[in-house]
Amino acid sequence: MKRSSYCGFVREDSIGKDVTVCGWVHSRRDHGGVIFIDLRDRTGILQIVFQPENKEIFAVAEKLRSEYVLAVKGLVRNRPEGTVNPNMPTGQVEVVVAEIDVLNTAPGLPFEISDYVETSEELRLKYRYLDMRRPNFQKNFIMRHNVSQEIRNFLNIEGFLEIETPFLGKSTPEGARDFLVPARLHHGSFYALPQSPQIFKQILMVAGFDKYYQIARCFRDEDLRADRQLEFTQVDLEMSFVEENDVMGVIERMLAKVFKTALNTDVKTPFARMPYAEAMLRYGSDKPDTRFEMEIKDFCEEFKSCGFSVFANVLAKGGIIRGLCIPKGAGFSRSEIDGLTKFVGEYGAKGLAWMKVTETGAESNIVKYFKDEEIKAVIAKFGAKPGDLIVYLADEEKIVAQGLGALRLKMGKELGLIDKNKFNFLWVVDFPMFEWDKDEQRWQALHHPFTSPKDGEALTKENAGNAKAKAYDVVLNGVELGGGSIRIHQKEVQKKVFELLNITEEAAKEKFGFLLDALSYGAPPHGGVALGFDRLCALIAGEESIREVIAFPKTQKALDPMSNAPGEVSEKQLKELGIRVVVKQAKN
RNA sequence: GGGGACGUGGUGUAGCCUGGUUUAACACACUGCCCUGUCAAGGCAGAGACCGCGGGUUCAAAUCCCGUCGUCCCCGCCA
């Protein structure tokens with residue numbers, strides 16, 4: 001039997017015609033005299049009917065079980081009056097089976113294939129081929145395909161060229177841990193899988209390809225999270241003879257197109273823009289979720305001469321005091337507030353000061369240390385109402401911002417302040433060039449070492465902390481969708497940046513001398529951006545984890561329960577690679 | 001490297017705090033039978049777990065303690 005239609009495509013216009021459909025038995029409803037089967041393929045579910053008049057076929061139908069694979073031929077007809085199912089796209093019609101081929105059978109399943117039943121992550125990954133049969137999952141993957149095609153179409157029309165860059169490259173000194181691949185022909189040497197196509201795409205600009213893109217797999221050997229996998233996909237692009245606005249404009253138009261196609265949502269362009277410093281102050285994050293207010297406020301001024309020694313000491317040491325007003329939080333119990341304290345402790349905060357706003361002022365165990373006008377100033381700054389809870393962190397700026405930022409998000413979620421139907425796009429701009437690494441006592445590139453400073457920035461040790469970069473991150477609903485920058489195209493500027501980063505000339509030459517060489521041969525001004533494609537798809541699908549939009553992801557411990565990767569290899573393989581010692585992890 | 005949550009028939013959970021009256025309960029799935037219009041079908045009957053694994057406490061452990069393994073979330077890390 002040759003398939004004439006997908007299940008999901010059999011609609012009213014097929015009524016009166018014969019169709020042949022193929023698929024899996026999604027469910028079977030045996031009424032004794034009539035048997036219904038929901039036949040499922042990637043396009044949807046179609047009801048097929050077996051009636052007892054056709055004894056031979058009816059006997060076959062009685063033996064069908066979940067996930068058997070069928071080909072059936074029959075007449076499409078309107079369902080009898082009163083039996084139309086308005087919840088199904090194909091609910092108006094049904095196929096009366098005249099011929100059937102049972103193409104395959106299946107044993108009892110390890111879990112139900114249903115959008116209604118949650119199964120443990122491990123089982124789902126072990127039987128990923130069954131997990132992926134779930135209609136929601138299929139929908140996610142069809143969406144992912146459509147989004148990637150929309151991106152390709154858009155970029156093609158805008159004049160971008162798709163060019164592939166190598167997976168086997170050279171290990172780079174900064175950034176994430178590389179995956180290494182031993183070189184069989186050069187014992188003792190290793191290729192590295194790319195963390196991103198960054199250097200290659202810049203060299204493509206030097207080569208004159210002007211507008212490049214690639215939907216590229218990237219690899220980072222770091223610990224996994226709900227939004228991080230060892231390998232992930234980036235929409236990577238780079239352009240020549242452009243400035244920040246040009247690159248940002250491409251991304252805005254592209255994302256607007258994608259959201260229109262995928263969700264029929266109109267995205268307003270241009271996106272809002274917020275300087276990095278403002279994002280850190282108001283939201284305690286470089287990827288603010290602006291779907292709800294509850295902003296952080298600074299109280300260094302209000303408390304500069306307060307009588308609370310904890311605050312005074314922090315200020316004296318150059319720290320800061322900021323606070324958050326939790327609406328109706330005064331009802332929190334002491335242990336709930338202890339929970340909040342523990343929560344901000346994860347971000348390095350040593351404590352959490354708090355006061356409950358009352359009709360007359362505020363109350364808590366520390367209120368006595370403050371003057372009335374200090375408390376009034378705080379309440380006025382927040383516009384706080386009686387019944388609200390105000391919490392403060394006092395510490396070095398990074399800890400305060402991160403702690404309150406995380407607390408803001410947690411409270412926003414728990415208090416239901418977030419409108420899930422909103423898509424708030426935002427550019428975070430004016431990033432600093434460098435960030436001081438306390439542990440290593442040196443400047444680190446906030447973005448990457450090829451990021452151009454703003455015009456006229458002095459690249460001196462004294463100004464390193466103030467220098468701003470031509471860098472931009474695109475944020476959606478508190479998720480960092482991607483980021484990019486205008487790159488350094490002049491050798492002299494690059495040299496200065498390396499100096500500040502403490503990368504010696506030799507080290508720079510050794511690690512990416514080929515990029516520096518390339519830049520010296522007439523590099524055009526250029527810049528680009530990379531978007532996390534998995535994160536984008538997860539947001540569109542409304543999924544919390546990118547695993548829901550990746551076909552074969554790894555577990556949190558970086559394992560694949562289906563293939564059992566990673567696995568041991570033979571002595572012979574190791575010998576060929578010139579690897580002599582196998583270090584096995586000790587049992588304890 | 002660190003913190004937290006979870007682990008009970010095939011699946012999802014309850015029971016665990018306050019150990020014994022649990023022959024470990026419920027729902028879904030599964031098997032058989034009934035049923036000619038269901039669609040997360042319905043009815044009846046049935047099979048199926050010694051409670052992740054190891055050790056300890058106790059007269060007695062799914063329940064308390066220690067360890068271990070696995071899954072997830074978070075911090076660190078991810079330029």
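Here is how names work: the chains are called A, B, and so on, in the same order as the sequence lines, proteins then strands, and each is numbered from 1.
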Sugar-phosphate only, base, or nothing, as touched by R28(A) at under 4.0 Å among non-hydrogen atoms: nothing

Residue-phosphate contact under 4.0 Å: S27(A) side-chain N/O, C39(B) OP1/OP2: no

Nearest-angstrom distance from the residue atom CG of L409(A) to C1' of C73(B): 15 Å

Phosphate contact (C75(B) OP1 or OP2) by R225(A) side-chain N/O below 4.0 Å: yes

Which nucleotide in C73(B), U11(B), C74(B) has an atom nearest any side-chain atom of S545(A): C73(B)

Nearest-neighbour nucleotide for the V34(A) side chain, U11(B), U71(B), U36(B) considered: U36(B)

L123(A), nearest nucleotide to its side chain (from G37(B), U11(B), C30(B)): U11(B)

I399(A) CD1 - G76(B) P separation (whole Å): 11 Å

Sugar-phosphate, base or nothing in reach of L109(A), heavy atoms under 4.0 Å: sugar-phosphate

G37(B) base / E94(A) side chain donor-acceptor hit below 3.5 Å: yes

Phosphate contact (G76(B) OP1 or OP2) by Q402(A) side-chain N/O below 4.0 Å: yes

Spacing between D38(A) atom CG and A41(B) atom P, to the nearest angstrom: 8 Å

Over 12 foreign heavy atoms within 6.0 Å of CD, E336(A): yes

Sugar-phosphate, base or nothing in reach of L446(A), heavy atoms under 4.0 Å: sugar-phosphate

Face-on cation placement of R442(A) at F434(A) ring, 6.0 Å and 45° thresholds: no

Out of C35(B), C77(B), C73(B), whichever nucleotide has its closest atom nearest the side chain of D30(A): C35(B)

F498(A)/F512(A) aromatic ring centres below 6.0 Å: yes

R220(A) CZ to C78(B) C1', straight-line distance once rounded to whole Å: 7 Å

Distance in angstrom units between F179(A) CZ and C78(B) C1', rounded: 12 Å

